[in-house]
Amino acid sequence: MVIYFLRHASAGEPFVNPKKDEKRALDKEGIEQCGYVGRALAAMEAQVEVIVSSPLKRATQTASLVGNEMGYEGKLQIENALRPEAALADFRKLIEKYARQESIMVVGHNPNLSQFLGAIISDSGCEASVDLKKGAVARVEMRRTSGTLHWCLTPKLLRTLYATAVESSRPKTSRK
């Protein structure tokens, strides 16, 4: 099974009130980040059978925008195991629930999404240190109870690559 770990994109400053914070939407930068990440995944021909998201608005928006860019046509699955306060045991149950899928994308929050990723890629059962930046996506290939991290891409890196590709594709002109 392949698991794409996607941290929600930029959503501005957190609200003090937890109920209001759950409804915090992506900001302009976050929407842009989703475009870069989704287009990069589409260009790499990444395919997911299921996208699973935290129920918080910034995560569901990220999941929907990235999924749309990738051409995902399935229904977004909402799971409490991806909420900010969820534990590793909850995440492991979620992985078991979707174990028959060849590839899934999980969309959540830090610090726990980075912790889940670190625990999954550590053979010894201890935690590897991984810090998923906002809007970052990591590809992990699972084997039984542990996985191998194949790559991790940040929106900043993808924005730079995109700008470089656009610049290098412009026709060169010479002036004398």
Side-chain angles (χ1 to χ4, degrees), residues 1-11 26 30-83 86 88 90-110 112-123 128 130-166 169:
M1 167 196 270
V2 172
I3 304 173
Y4 293 93
F5 286 78
L6 175 62
R7 182 177 173 197
H8 73 79
S10 178
L26 296 178
I31 292 167
E32 184 180 286
Q33 288 172 337
C34 290
Y36 285 116
V37 171
R39 286 189 296 276
L41 290 170
M44 291 187 287
E45 299 181 358
Q47 298 286 319
V48 293
E49 293 177 78
V50 179
I51 297 179
V52 186
S53 176
S54 154
L56 279 62
K57 185 171 186 171
R58 57 193 178 272
T60 59
Q61 279 186 301
T62 299
S64 294
L65 291 169
V66 171
N68 285 342
E69 289 286 345
M70 293 174 65
Y72 177 74
E73 295 179 354
K75 184 175 184 247
L76 183 61
Q77 301 300 310
I78 305 298
E79 295 280 353
N80 285 326
L82 292 168
R83 293 180 67 86
L88 180 58
D90 301 320
F91 181 74
R92 289 200 186 274
K93 286 179 189 167
L94 180 145
I95 296 303
E96 287 174 25
K97 180 178 177 179
Y98 294 97
R100 293 189 176 182
Q101 306 299 320
E102 284 187 35
S103 61
I104 66 171
M105 178 178 286
V106 294
V107 185
H109 313 266
N110 267 359
N112 64 350
L113 194 65
S114 287
Q115 292 167 350
F116 299 162
L117 172 57
I120 291 294
I121 63 172
S122 172
D123 285 335
V130 179
D131 182 21
L132 282 175
K133 301 294 182 194
K134 287 184 180 171
V137 61
R139 183 182 192 273
V140 173
E141 204 161 305
M142 292 294 297
R143 289 173 323 292
R144 297 185 190 198
T145 58
S146 71
T148 301
L149 176 63
H150 282 257
W151 47 255
C152 183
L153 301 171
T154 64
K156 184 177 180 180
L157 171 68
L158 295 172
R159 184 181 305 121
T160 302
L161 290 173
Y162 180 77
T164 303
V166 168
S169 67

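Keep in mind that this is a model prediction, so the values were computed, not measured.
Proximity of a side-chain donor or acceptor of N112 to a complementary backbone N or O of R83 within less than 3.5 Å is detected. Looking only at distances, a side-chain donor or acceptor of N68 sits under 3.5 Å from a matching main-chain atom of S64. The backbone N or O of A59 lies less than 3.5 Å from no partner atom in the side chain of S54, so there is not a single donor-acceptor pair. The backbone N or O of L26 lies less than 3.5 Å from a partner atom in the side chain of Q61, making a donor-acceptor pair. With hydrogens and angles ignored, the 3.5 Å screen pairs a side-chain donor or acceptor of N110 with a backbone N or O of L132.
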side-chain contact (heavy atoms from CB on, under 4.5 Å) between I51 and Q77, worked out:
CA-CA 6 Å; I51 297 179; Q77 301 300 310; over 6 Å; no

Would you please test R143 and E141 for salt bridge (Lys or Arg N to Asp or Glu O under 4.0 Å) and show each step?
CA-CA 7 Å; R143 289 173 323 292; E141 204 161 305; over 6 Å; no

Begin from the C-alpha positions of L6 and V106 and carry the test side-chain contact (heavy atoms from CB on, under 4.5 Å) through to its verdict.
CA-CA 6 Å; L6 175 62; V106 294; over 6 Å; no

Show, in sequence, the C-alpha distance, side-chain angles and deciding distance for V48 and M70, and conclude whether the side-chain contact (heavy atoms from CB on, under 4.5 Å) test is met.
CA-CA 9 Å; V48 293; M70 293 174 65; 4.1 Å; yes

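Here L41 contributes atom CG and E69 contributes atom CD; the two are 10.0 Å apart, rounded to the nearest 0.5 Å. The distance from atom CG of L56 to atom CD1 of I78, rounded to the nearest 0.5 Å, is 10.0 Å. In this structure, the separation between CG on L149 and CD1 on I3 is 11.5 Å, given to the nearest 0.5 Å. A distance of 8.5 Å separates NE2 of H109 from OG1 of T62, quoted to the nearest 0.5 Å. For the atom pair CD1 (I121) and CE (M142), the distance works out to 11.0 Å, reported to the nearest 0.5 Å.
Closest non-hydrogen pair, A9 versus G30, comes out as CB-O, 3.3 Å. Closest approach of A63 to S53, counting heavy atoms only: CB-CB, 4.0 Å.
Side-chain contact between H150 and V140: absent, with no pair of heavy atoms (C-beta onward) separated by less than 4.5 Å. Using a 4.5 Å cut-off on side-chain heavy atoms (C-beta onward), L158 and T154 make no contact. Counting heavy atoms from C-beta outward, W151 and V137 have side chains that approach closer than 4.5 Å. Taking the side chain as every heavy atom from C-beta outward, N80 and D90 never approach each other to under 4.5 Å. Side-chain contact between R159 and E32 is present, with heavy atoms from C-beta onward closer than 4.5 Å. Proximity of V52 to V107: side-chain heavy atoms (C-beta onward) are nowhere separated by under 4.5 Å. M44 places a side-chain heavy atom less than 4.5 Å from the side chain of L153. Side-chain contact between Q115 and L117: absent, with no pair of heavy atoms (C-beta onward) separated by less than 4.5 Å.
Applying the salt bridge (Lys or Arg N to Asp or Glu O under 4.0 Å) test to pairs two or more places apart or on separate chains, those with a residue in residues 50-65 are D21-R58. For residues 42-52, the set of pairs meeting the salt bridge (Lys or Arg N to Asp or Glu O under 4.0 Å) definition, not counting sequence neighbours, is empty.
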Just list the side-chain donor-acceptor pairs under 3.5 Å for residues 98-105, sequence neighbours left out, or say none.
residue, atom, partner, partner atom, Å
Y98, OH, E79, OE2, 2.9
S103, OG, Q47, O, 2.6

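Between F91 and F116, the ring planes lie parallel to each other; the angle is under 30°, not in the 30° to 60° tilted range.
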